[in-house]
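Because only heavy atoms are used, hydrogens play no part in the values below, and waters and symmetry mates are left out as well, while side chains stay in.
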Amino acid sequence: MILIPHDMHEWDADDLHLWLSEVSRDPQVTPAELRLARRAANRAVIGQPPNDN
C-alpha cells in the first residue's frame with residue numbers, strides 16, 4: 001500500500017518526479033497503486049490536490 005502525500009500539489013516538479021520514481025521502483029507497489037500514484041502526480045502538476053475529495 002502506498003501513501004499519497006496530501007500536499008504534493010505544493011511540491012516542485014523535481015520532488016514529484018523523485019517521489020514517483022521511488023514509488024515505481026518499489027517491488028511491493030501493485031500496478032493499480034502505480035496508476036493511482038501517477039494520477040495523483042498528474043493532478044499535482046496542475047495544482048490540484050492529489051485526490052478527488
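Looking at every heavy atom in both residues, Ala37 comes nearest to Ile4 through CA-CD1, 3.9 Å. A pairwise comparison of heavy atoms in Met8 and Ala40 identifies SD-CB, 4.0 Å as the closest pair. Listed here is the closest heavy atom pair of Glu33 and Met1: OE2-CA, 2.8 Å.
When side chains are defined from C-beta on, Arg43 does not count as touching His9, because their heavy atoms never get closer than 4.5 Å.
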Donor-acceptor contacts under 3.5 Å from residues 13-21 side chains, at least two apart:
unit_1: Ser21; atom_1: OG; unit_2: His17; atom_2: O; d: 3.3
unit_1: Ser21; atom_1: OG; unit_2: Leu18; atom_2: O; d: 2.9

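The only member of Leu3, Leu34, Leu36 that meets side chain to side chain contact (heavy atoms under 4.5 Å, CB included) when paired with Val23 is Leu34.
The structure places CD1 of Ile2 at 7.5 Å from OG1 of Thr30, a figure rounded to the nearest 0.5 Å.
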